[in-house]
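Here is the structure we will look at.
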Amino acid sequence: MRTQHWRKSSYSSEGNACLYVSALHNATIRLRESDEPDTILTTNPTALNALIRNAKAGRLDHLGTA
């Protein structure tokens, strides 16, 4: 199995709540947090782009409210 190369998000601080991203050769994108490195989310560029666009537009803000 090939070694996974993880990049830390430029928006992550120096603390322990950092987001890491890894892209595979088959256009699969993997995401993990530094405090839960064994939990890995897998997505594709289209779905990740849609998530980022919706988050930036505030369309996901209601998910954080009780």
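Remember, it's a predicted structure, so these values are computed and weren't measured experimentally.
Contacts of Leu51 classified as side-chain contact (heavy atoms from CB on, under 4.5 Å), with partners at least two apart in sequence or in another chain: Leu48, Leu60.
With contacts defined as side-chain heavy-atom distances shorter than 4.5 Å, the pair Tyr20/Ser9 does not qualify.
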Please list, one pair per line, the donor and acceptor atoms closer than 3.5 Å that link side chains of residues 37-44 to other protein atoms, with sequence neighbours excluded.
{"residue": "Asn44", "atom": "OD1", "partner": "Thr46", "partner atom": "N", "Å": "3.0"}
{"residue": "Asn44", "atom": "OD1", "partner": "Ala47", "partner atom": "N", "Å": "2.8"}

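Using a distance-only test at 3.5 Å, with no hydrogens or angles considered, no donor-acceptor pair links the side chain of Ser22 to the main chain of Trp6.
Residues Pro45 and Ala27 come closest through the heavy atom pair CD-O, 3.0 Å. Residue Arg53 comes nearest to Arg59 through the heavy atom pair O-NH2, 4.1 Å, listed as atom of the first residue, atom of the second, then distance.
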